[in-house]
There are 2 protein chains.
Amino acid sequence: MEQYQDRLDGLFQALADPTRRAVIGRLGEGPASISELARPFGISLPSFMKHIHSLEESGWIRTRKQGRVRTCALEEAPLAAVQSWLSAQRALWEGRTNRLEQFVTAQGQEHPE
Amino acid sequence: MEQYQDRLDGLFQALADPTRRAVIGRLGEGPASISELARPFGISLPSFMKHIHSLEESGWIRTRKQGRVRTCALEEAPLAAVQSWLSAQRALWEGRTNRLEQFVTAQGQEHPE
DNA sequence: GTGATACTTAGCCTTATGGAACAGTATCAA
DNA sequence: TTGATACTGTTCCATAAGGCTAAGTATCAC
């Protein structure tokens, strides 16, 4: 998972588009072919392929071609990498609010009513 | 938090840049002024301001100007919104792997050694 | 072999992004 | 009131993003 921590730019960039988030959502249910994935979206296949490439390059999915069909599958590690970054932010935030609470409490004890 | 679910494009887009992720990290420790935030980065102030604007427009931070100093503070809701989307993906993924396990187990019981 | 299927490549267009420089405004400190 | 500080506004630039069409390649089914 560590190797994904320095690829957060691409991982987040990939999530910034609703088409790509939907593809990730679909692939969470299991692998699928390109045209199967593309069907729900009203865009041309070449345009859709760009999304697939960006998902593959960023690391979100892996693909494999057998015959004329390319099958896409979700990778597991990026989800963990991204969640890990967010958890760290959450921890920072909560650490700070805890310290704030302690500060306020301490002030209250220094200057009681 | 719900109002952030349809703003995921912007929230993720904002996270796709290391400067902006660093700003969010810094603000997790507490509010700071623009120039205080900009100091660690070797870019011009107007360029840095663009990052601040994109963080504010996407909803990650709020800012307030008093005198000549603009102070920035982290919002809490976006973190929850983003984590919630990721958790949903995780749940999908794990639901699927669970079903796969059950399938494999069932197969094993149908065709025991 | 021929036609249909499933991509794939190439090129074009428009808008967005992330950087820069330079000049301007508003406040604060002396 | 004058100089320094802290932004802010404007304009420019190069590259990337996300869409399109048209044409190409490789399989598969007959």
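Every chain is numbered from 1, with letters handed out A, B, ... down the list of sequences.
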Less than 4.5 Å apart, any side-chain heavy atom of B:Leu45 and any of B:Ile34?
yes
With five pairs defining each end axis, the helix from C:dG1-D:dC30 to C:dA30-D:dT1 comes out bent, to 10°, by 30°
Looking at every non-hydrogen atom in both residues, tell me the closest pair between B:Pro78 and B:Gly59 and how far apart they are.
CG-O, 3.3 Å
Non-hydrogen atoms of A:Gly25 and B:Leu92 that approach each other most closely
O-CD1, 3.2 Å
With distance as the sole test, does B:Trp60 use its side chain to make a donor-acceptor pair with the main-chain N or O of B:Leu11 at under 3.5 Å?
yes
Using atom names, set out every protein N or O paired with an N or O of nucleotides 27-30 of chain D below 3.5 Å, distance rounded to 0.1 Å.
{"from": "D:dT27", "atom 1": "O2", "to": "A:Arg68", "atom 2": "NH1", "distance (Å)": "3.3"}
{"from": "D:dC28", "atom 1": "O4'", "to": "A:Arg68", "atom 2": "NE", "distance (Å)": "3.4"}
{"from": "D:dC28", "atom 1": "O4'", "to": "A:Arg68", "atom 2": "NH2", "distance (Å)": "3.4"}

Separation of C:dG18 atom C1' from B:Ile52 atom CD1, nearest Å, is 14 Å
Among residues at least two apart in sequence or on other chains, which ones pass side-chain hydrogen bond (donor to acceptor under 3.5 Å, both in side chains) with A:Gln89?
none
Roughly, in whole Å, what's the span from CG in A:Asp9 to P in D:dA16?
14 Å
Under the side-chain contact (heavy atoms from CB on, under 4.5 Å) rule, collect the residues that match up with B:Ala32, sequence neighbours excluded.
B:Arg26, B:Leu27, B:Glu36, B:Leu37
For B:Glu36 and D:dT5, give me the distance from atom CD to atom C1', rounded to whole Å.
15 Å
Atom-to-atom span, CE of B:Met49 to C1' of C:dG19 - whole angstrom:
15 Å
Indicate yes or no: at least one non-hydrogen side-chain atom of A:Trp85 is less than 4.5 angstrom from one of B:Ile24.
yes
Please report, rounded to the nearest Å, how far the C1' atom of C:dT5 is from the CZ atom of A:Arg70.
16 Å
Rounded off to whole Å, could you give me the CZ-to-C1' distance for the A:Arg39 and C:dA6 pair?
11 Å
Respond yes when some side-chain nitrogen or oxygen of B:Lys65 is under 4.0 Å from OP1 or OP2 of C:dT27, and no when none is.
no
Name the atoms and distances for all side-chain donor-acceptor pairs under 3.5 Å in residues 14-21 of chain A, with sequence neighbours left out.
{"from": "A:Asp17", "atom 1": "OD1", "to": "A:Thr19", "atom 2": "N", "distance (Å)": "2.8"}
{"from": "A:Asp17", "atom 1": "OD1", "to": "A:Thr19", "atom 2": "OG1", "distance (Å)": "3.4"}
{"from": "A:Asp17", "atom 1": "OD1", "to": "A:Arg20", "atom 2": "N", "distance (Å)": "3.3"}
{"from": "A:Arg20", "atom 1": "NE", "to": "A:Ala14", "atom 2": "O", "distance (Å)": "2.8"}
{"from": "A:Arg20", "atom 1": "NH1", "to": "A:His51", "atom 2": "ND1", "distance (Å)": "3.1"}
{"from": "A:Arg20", "atom 1": "NH2", "to": "A:Gln13", "atom 2": "O", "distance (Å)": "3.2"}
{"from": "A:Arg21", "atom 1": "NH1", "to": "A:Leu15", "atom 2": "O", "distance (Å)": "2.7"}
{"from": "A:Arg21", "atom 1": "NH1", "to": "B:Asp9", "atom 2": "OD1", "distance (Å)": "3.0"}
{"from": "A:Arg21", "atom 1": "NH2", "to": "B:Asp9", "atom 2": "OD1", "distance (Å)": "2.8"}

For A:Ile43, is there any backbone N or O sitting under 3.5 Å from a side-chain donor or acceptor partner on A:Ser47?
no
What string of B, S and - do you get for nucleotides 18-25 of chain D, 5' to 3', if B is base contact, S is sugar-phosphate-only contact and - is no contact with any protein heavy atom under 4.0 Å?
BBBBB---
Under the criterion salt bridge (Lys or Arg N to Asp or Glu O under 4.0 Å), which of B:Glu56, B:Glu75, B:Glu57 is the partner of B:Arg62?
B:Glu75
Give the C-alpha distance, both sets of side-chain angles, the deciding distance and a yes or no for side-chain hydrogen bond (donor to acceptor under 3.5 Å, both in side chains) between B:Arg64 and B:Thr71.
CA-CA 5 Å; B:Arg64 169 125 185 268; B:Thr71 303; over 6 Å; no
